[in-house]
Amino acid sequence: MGGHGQEMAAAWLAVTDHADRLRPQPLRALVAQPGRAQALTAALDDLTLDLTKEKLDAGALAALISLVQASGAPALRDAMADGKPVNNTENRPALHMALRGSVAPDTPGVAEVAAVRARFLAFAEAVRSGAYVAADGGRFTDVINIGIGGSDLGPVMAVRALAADADGPRVHFVSNVDGAHLADVTRGLDPARTMVIVASKTFTTQETMTNAHSARAWLRAAAGEAGDGHLAAVSTNLDACAAFGVPEDRVFGFWDWVGGRYSLWGAIGLPIAMAVGGARFERLLAGAAAMDRHFLEAPLEANLPFLLGMVGVWRRAMGWPTVALIPYDQRLERFPAYVQQLDMESLGKGVARSGAPLERSSGPVIWGEPGTNAQHSFFQLLHQGTDVIPVEFILAAEPRETMDDHHAKLVANCLAQSAALAFGRSEEEARAEMAAKGMDPAEIARLAPHRAFPGDRPSLTILHRRLDAFALGRLIALYEHRVFVEAAVWGINPFDQWGVELGKAMASDLLPAVKGGDASGFDAGTRFLLDRLAALSAG
Ligand code: F6P
């Protein structure tokens, strides 16, 4: 698996040559070239990827395609779909595609997928319909999902994204070990009407287990031991679930071949099914499966995840270390946070699959907020700051809420931003505009540099018809596979996350000292902070 040395070196050289060629070429000139839309857009049904405002052209794209081929990414993709142990540092396959039916059902290990799905969807329906009731016989009105990272971000993002379709109990999320999170979510909720799902692949994560114990105490304070009937769990660790007091019929399993950040398609998606129902959850899976088919079958030059992956690789070759993800869709407000984990936990690596140090920059910093709000906060820096920060816009053609001309305005803003970033406004244009308004020439001269926009800032736009369960599933899978492609080109294993371990272990070591125990074994800086904390909390 992986590319062959010489072929890869030549392919990288070609890509960097194109990067050197295109870096000084203004986007204004590139975008004006004929045939750009044909060369730099691709679609899967209504889902369209517009790369016309990326600093790319057909030649650079061809070099990127050769790089992807030389890296062995297509073969690695097929190995993933065949259940081969592509997660080489943990020696296991990465079979999240099995959760949406996109790998052969006889692939070892995936036989139970359909049965577990049927169980958790049936449980969601029982809670929604009132067939499964609270300790006092009443219906559940609220559900709290307790989990963190991959056991939180997927469901919280999807439940918010599908708010237009929410027709079940209200679903809330608690992730942070900061007691403020659980306190704020439970305030105003009635424990007699609330179900708590404890979602943890390992069922050992400190934050989740701490919140789970406090939430169970909250339920028990209202309903005694019968409050335990309000608990359900999602985990691979069935023994620990039983020890916590959740009986087998309310425990929904998954498998070690699903990474946390790829797990919303299985039982971790239970809160999504609670909020929008099993039928819509199946549409979410169908959308992801449509993207899987496309990823597995479409030629590279028309393959959306491959193209998106190539753009990611290209940006690093151009020297841009960060990407802003800006959905022009309020209900995708948690999508940037979701992609942050997906991308940065997968690609935030400094060594290759072999353990050798990487020779090139790997995953970028991903961040973002929905538009139009973002325009009124950090877009200033995107337009006039000293760094180039590529942007990924996401936009739906149809709104889910028909309200006067809100959507037309949302669309106009989105299109305006990508054009403004690309084309800017020269000082001359700024001067002419001020002159047309009859401004004083001295004032024009003084303000022109401030009112000019350098432009030449790349972006891409992902357009789809409307945000529903199918479209969301497709969009998430697009980003999942994009991460896979980038990892393959950089030679990274995207399925482990050893980088989160050190801090977790240190937090466990520190806990006794924070509680007043012996701190002598810690470094001077940490001892200083422990002393200050003790003084401040005592005072
Ligand atoms: O700390 C990172 C991480 O391991 C994530 O990869 C995972 O999604 C999260 O913690 C939560 O883990 P668990 O589901 O086992 O509680």
Side-chain angles (χ1 to χ4, degrees), residues 15-34 36-37 39-41 50-61 311-328 336 361 364-395 411-437 439-462:
V15 167
T16 48
D17 281 351
H18 281 286
D20 293 342
R21 175 179 63 82
L22 283 170
R23 208 172 281 112
Q25 294 196 31
L27 270 170
R28 274 191 193 211
L30 286 175
V31 175
Q33 285 173 354
R36 196 155 173 89
L40 292 174
T41 62
D50 170 18
L51 304 179
T52 56
K53 295 194 186 78
E54 286 289 339
K55 206 169 241 206
L56 274 170
D57 62 7
L61 201 55
V311 172
V313 169
W314 175 249
R315 289 177 184 150
R316 297 313 323 258
M318 292 291 272
W320 301 323
T322 167
V323 177
L325 182 52
I326 314 292
Y328 272 68
S361 305
V365 177
I366 310 259
W367 54 285
E369 284 286 325
T372 60
N373 295 19
Q375 292 173 210
H376 298 272
S377 57
F378 54 77
F379 266 53
Q380 165 65 40
L381 186 147
L382 301 191
H383 285 290
Q384 289 187 319
T386 49
D387 292 298
V388 172
I389 299 175
V391 180
E392 300 191 353
F393 294 102
I394 300 174
L395 181 65
V411 170
N413 272 281
C414 183
L415 302 190
Q417 289 299 325
S418 62
L421 285 164
F423 309 133
R425 181 170 62 184
S426 68
E427 245 183 83
E428 248 164 55
E429 289 165 335
R431 263 191 228 109
E433 205 169 287
M434 286 187 278
K437 286 184 186 151
M439 281 171 67
D440 171 60
E443 194 63 356
I444 291 175
R446 192 174 73 82
L447 290 181
H450 300 279
R451 298 183 68 157
F453 289 69
D456 212 25
R457 312 220 156 179
S459 69
L460 62 80
T461 300
I462 294 171

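Ion pairing between a basic and an acidic side chain is recognised when a charged N comes within 4.0 Å of a carboxylate O; E443 and R446 show such pairing.
Listed by chain and number, the residues in a salt bridge (charged side-chain N to carboxylate O under 4.0 Å, His left out) with K53 amount to none (sequence neighbours excluded). Residues passing the salt bridge (charged side-chain N to carboxylate O under 4.0 Å, His left out) test with R316: none are found, sequence neighbours excluded.
Between the side chain of Q380 and the backbone N or O of G385, no donor-acceptor pair lies under 3.5 Å. Put simply, the side chain of R36 gets close to the backbone of T52: a donor and an acceptor are under 3.5 Å apart.
In this structure, T322 OG1 and I389 CD1 are separated by 5.0 Å, a value rounded to the nearest 0.5 Å. If you take CG on L51 and CG on L61, they are separated by 7.5 Å, rounding to the nearest 0.5 Å. The distance from atom OG1 of T372 to atom CD1 of I326, rounded to the nearest 0.5 Å, is 11.0 Å. Between the CG atom in D50 and the CG atom in L395 there is a gap of 11.0 Å [rounded to 0.5 Å]. Within the model, atoms CG of D20 and CE of M318 stand 8.5 Å from one another, a figure rounded to the nearest 0.5 Å. Rounding to the nearest 0.5 Å gives a distance of 9.0 Å between CZ of R431 and CD1 of I444.
Across every non-hydrogen atom of P449 and A445, the tightest pair is CD-O, 3.5 Å. When all heavy atoms of V311 and L56 are compared, the pair lying nearest together is CG2-CD1, 4.1 Å. Shortest non-hydrogen contact noted between A452 and S426 is CB-C, 4.0 Å. Pairing each heavy atom of A60 with each of R21, the nearest pair is N-NH2, 3.9 Å. Scanning all heavy atoms of the two residues, the minimum distance from L27 to A422 falls at CB-O, 3.8 Å.
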**Asked** Can D57 and Q33 be said to form a side-chain hydrogen bond (donor to acceptor under 3.5 Å, both in side chains), step by step?
**Response** CA-CA 9 Å; D57 62 7; Q33 285 173 354; 5.5 Å; no

**Message:** Go through it in stages, so that I can follow the logic: the residues are Y328 and V411, the test is side-chain contact (heavy atoms from CB on, under 4.5 Å), and I'd like the CA-CA distance, side-chain angles, deciding distance and then a yes or no.
**Reply:** CA-CA 8 Å; Y328 272 68; V411 170; over 6 Å; no

**Message:** Run V323 and E392 through side-chain contact (heavy atoms from CB on, under 4.5 Å) and show every step you take.
**Reply:** CA-CA 7 Å; V323 177; E392 300 191 353; 3.9 Å; yes

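Using cut-offs of 30° and 60° for the angle between ring planes, the H383 and F453 rings count as perpendicular. Using bins of under 30°, 30° to 60° and over 60° for the plane-to-plane angle, the ring pair F379/F393 lands in the tilted bin.
The side-chain hydrogen bond (donor to acceptor under 3.5 Å, both in side chains) pairs that include a residue from residues 449-460 are K55-D456, where partners are two or more places apart or lie in different chains.
W320 pairs with exactly one of P458, S361, P364 by the side chain to side chain contact (heavy atoms under 4.5 Å, CB included) rule, that one being P458.
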